[in-house]
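Nothing here was measured: the structure is a model prediction, and the numbers come from that model.
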There are 4 protein chains.
Amino acid sequence: MAVQKPPQPAPGKPVPDAGRRSERSRRAIYDAALALVAEVGYPRTTVEGIAARAGVGKQTIYRWWSSKADVLLEAFLDLGEQAARAAGQEEYAFPDTGDLAADLKAVLRATVDELRDPKYDAPYRALAAEGVVNEPLGRVFLARLLEPGLQLYADRLRSAQDAGQIRADVDPRIALELFVSPLAQRWLQRTGPISHEYTDTLVDYALYGLLPR
Amino acid sequence: MAVQKPPQPAPGKPVPDAGRRSERSRRAIYDAALALVAEVGYPRTTVEGIAARAGVGKQTIYRWWSSKADVLLEAFLDLGEQAARAAGQEEYAFPDTGDLAADLKAVLRATVDELRDPKYDAPYRALAAEGVVNEPLGRVFLARLLEPGLQLYADRLRSAQDAGQIRADVDPRIALELFVSPLAQRWLQRTGPISHEYTDTLVDYALYGLLPR
Amino acid sequence: MAVQKPPQPAPGKPVPDAGRRSERSRRAIYDAALALVAEVGYPRTTVEGIAARAGVGKQTIYRWWSSKADVLLEAFLDLGEQAARAAGQEEYAFPDTGDLAADLKAVLRATVDELRDPKYDAPYRALAAEGVVNEPLGRVFLARLLEPGLQLYADRLRSAQDAGQIRADVDPRIALELFVSPLAQRWLQRTGPISHEYTDTLVDYALYGLLPR
Amino acid sequence: MAVQKPPQPAPGKPVPDAGRRSERSRRAIYDAALALVAEVGYPRTTVEGIAARAGVGKQTIYRWWSSKADVLLEAFLDLGEQAARAAGQEEYAFPDTGDLAADLKAVLRATVDELRDPKYDAPYRALAAEGVVNEPLGRVFLARLLEPGLQLYADRLRSAQDAGQIRADVDPRIALELFVSPLAQRWLQRTGPISHEYTDTLVDYALYGLLPR
DNA sequence: CCCTAACCGAGACGGTACGTCTGGTCTTTAT
DNA sequence: ATAAAGACCAGACGTACCGTCTCGGTTAGGG
């Protein structure tokens, strides 16, 4: 997949020269892909449609990506990076005020807001769905989009453990799921509405189970 | 969609006469759909392929279902009903031994086993993914496949509340997600391995937070 | 083909009992077939359409006819018979005033009028076209629709031979084509306009070649 | 229709770029179309079948032609042009030995031979039939296939008029039908056998009527 | 500073599947 | 037993996209 950075010297394909790549085209393709997914939905977004909308030849897409899922994934990653750049450098910091419950609630509230933003919802949902069924893409989706965020939760929980605020024998990688997964499932499978009250309640319910007894 | 029970008098389409429907064809289509999804995966399963394998005309599929997702959903529902019939009547009972932790662990272990069974995994995963992106189908998927199971969790938790085993102010519909959603997300998004140990740990972590304080 | 009256005891098919045949259905089918061919053209006329318009099951058509061409052929024959019955008994008489040229011109003028009547043109043209490509139907078309008329020409020419008006060594079956075929081709293949003047001219040109020298 | 030379700027369809057209595909499609019509007949020849046999995508056919009739028409025109090229430049010359009767007989005999050649008969018959019922195609069939030949007859007759061999007041466009149409009808509608003797007789019967009186 | 290789827009190509339409058969229910 | 109704298997229709493959044209950078 094109996502893997080191362009392995594949036997069949002539590796394209990334140095000569057209930045204009890349941008136009990202924009077209995101716009189309938002407008007509992922299944009715086609590589041909993206190419036409971007004013680009189909081959220019196939030269750099392996599928529409791949295009969309990179487009979405790029969107995140742009947003990060726009917001400043400290994007990926997890608050650590010493009050674990408050910190978790704050982050979860921010996540709720993001999931409700239609600009993110459509492509994010499309990628998640594709990843469910397409294992390679799912792995990239996980590693590039999910994992960094999850690691921050784990780090914050570990920090709380060091402070003696939660039990030392708790596995942070499992504990974080108590907060994150219910929200994820409500959003993905529409098992219920998502709101700040809801995520606050999650923290109230789950965090207590992790406290020292 | 054929799933909606009251066959609304659609203006365009002549409603087919369900009384004359061929049971042979229906069975053959279900079998073919499930087999193909298991063999070649959902995206490479086609309506034409299902028809060919079932020895059925394409029109016979389009007469009764609106899409391959719809076919597969009903096929999977039927699979569940058949399994239920085969196992006896008391399929949907949630154990209530008085020991809530043990009961939850037992049910979650059974769910883990089911999710690991390739017979269920492929079509279930395909439907879940489709439901993420296709809202009407997602709603049916939720109502017909997910909801009944979730309700049993809620009932069991309510029963524990009545017994004073967990706090009265806990909302069972949220509490159940602490057990169910982490497993669901690990499975759908491959955020981690699923096992009996894992679900046992989930119960250990989350249940304590719900106990009377 | 159903046109062949003696329903041969085919091995496969159960010969339908003509005695129980519904006259209502037959009429409705003829009417529907002719109407549809006139309205939407032969290629877009379908057996299903005829059945629906006639308020008849498809099987009722397939029971008695072998194809839409066959239905239309019989419908057209029936149309002719009805017209004949309406006009009186002496429909098929060729005028014999003693003036061969005048008689030929009169009959050809009547044919021109008929070919220009849209009621006849569409189905007649459709049948002719089908017969060009479908030999069995073509033979029936020839025998039932064309041949009787041609025979009248031959008879009239023979009578003229007896009267010494045209050479004795002329073959009437060939001679008649000099009058009939040019008109037929102009009509079928649109090689030129058809009119009374045109057929008069044909007689003027061709008849002289047949006179005693 | 693709046959119409000036490719009018149709509003809906994007006009394909004829410069990039694959000659290989065109040839293969012509060959496949003619072969299939000869083998299984026109009605059972399908666009899919042509595409499969030619080793071509269906879209490649629909891109350049509007229907199977259109394909076959051009295939047949191409066949004629190839034969012409193979035979030399002077294909379309009508003999003018000074003996009109002999010249007409010679050309008609050649036509009889051609109509009897199965290679020509099947597609030619199919096109003629389609043209009877499909007016636009019929017009092209007439203009491209029939008209050039008919014009040669007219020219030859005009030349005979100049030589005083037939009456000056005879319209050559009508006179030629006395020779051509009877043969055409016998062939198309199977009203009689066609042979050299037959066409010789036609000339004997009809030509005399055109002589100066 | 040009030459030549690459990328680029464009779009034709061989294909697969779509969802629809019709052909001809079979089955059900009513007369 | 025939008829109306219509579901069934079959398969062609014409369309939409897929991913590959030319085509000029432009746009570098190495000679």
- Message: Return the NZ to OH distance between A:Lys68 and A:Tyr62, rounded to the nearest 0.5 Å.
- Response: 10.0 Å
- Message: Looking at the base of F:dG14, is there any donor atom on it, or on the side chain of D:Lys58, that sits under 3.5 Å from an acceptor on the other one?
- Response: yes
- Task: Specify the separation, in whole Å, of atom CG of C:Asp70 and atom P of E:dG24.
- Result: 11 Å
- Query: For the residue pair D:Ala69 and D:Leu127, what are the closest heavy atoms and their distance?
  - Reply: O-CD2, 3.7 Å
- Query: Does C:Arg63 reach the side chain of C:Thr60, with side-chain heavy atoms less than 4.5 Å apart?
  - Reply: yes
- Over 12 non-hydrogen atoms of neighbours within 6.0 angstrom of CZ in C:Arg24: no
- Residue-level proximity of residues 27-39 of chain C to DNA chain F when a heavy atom falls under 4.0 Å: none
- Query: Rounded to whole angstroms, how far apart are CZ on D:Arg24 and P on F:dC21?
  - Reply: 14 Å
- Message: Whole angstroms only, please: what is the CZ-P distance between D:Arg26 and E:dG14?
- Response: 13 Å
- Query: Should B:Glu74 and B:Asp78 count as side-chain neighbours, where that means a heavy-atom distance under 4.5 Å?
  - Reply: no
- Taking the nucleotide of DNA chain F with the closest heavy atom to each, which residue, A:Lys68 or D:Arg20, is nearer the 5' end? A:Lys68
- Check the distance between E:dT27's P and B:Glu23's CD and give it to me in whole angstrom. 17 Å
- Task: Report yes or no: is the cationic atom of D:Arg26 (NZ for Lys, CZ for Arg) closer than 6.0 Å to the six-membered ring centre of D:Trp64, at no more than 45° off its axis?
- Result: no
- Message: Without decimals, in angstroms, what is the distance between A:Asp17 CG and F:dT26 P?
- Response: 21 Å
- Counting only side-chain N and O atoms of C:Thr60, is one of them less than 4.0 Å from OP1 or OP2 of F:dA4? yes
- Remember a base hit wins even if backbone is also touched, and classify D:Arg63 as base, sugar-phosphate or nothing at under 4.0 Å, heavy atoms. base
- Task: May I ask you to evaluate whether C:Trp64 reaches the phosphate of F:dA3, defined as a side-chain N or O under 4.0 Å from OP1 or OP2?
- Result: yes
- Query: Are OP1 or OP2 of F:dT2 and a side-chain N or O of C:Ser22 less than 4.0 angstrom apart?
  - Reply: no
- Message: Once hydrogens and angles are ignored, does a donor-acceptor distance under 3.5 Å link the base of E:dC13 to the side chain of D:Gln59?
- Response: no
- Return the set of residues passing side chain to side chain donor-acceptor pair (under 3.5 Å) with A:Gln59 (not counting sequence neighbours), or none when no residue passes. none
- Task: Report, as yes or no, whether the 6.0 Å neighbourhood of atom CZ on C:Arg27 holds more than 12 heavy atoms from other residues, nucleotides or ligands.
- Result: yes
- Message: Both A:Val56 and D:Ser25 contact DNA chain E. Taking the nearest nucleotide for each, which residue is further toward the 5' end?
- Response: A:Val56
- Message: Distance check needed: E:dA12 P versus D:Ile61 CD1, whole Å only.
- Response: 16 Å
- Sorted by number, the residues of residues 41-52 of chain B with heavy-atom contact under 4.0 Å to DNA chain F: none
- Item | Nearest-0.5 Å distance that lies between atom CD1 in A:Ile50 and atom CG in A:Asp31 | 11.5 Å
- Closest listed nucleotide, where the reference is the side chain of A:Tyr62 and the choices are F:dG19, E:dC8, F:dG14: F:dG19
- Message: Using every non-hydrogen atom in the two residues, find where D:Ile29 and D:Trp65 come nearest and quote the distance to one decimal.
- Response: CD1-CZ3, 3.7 Å
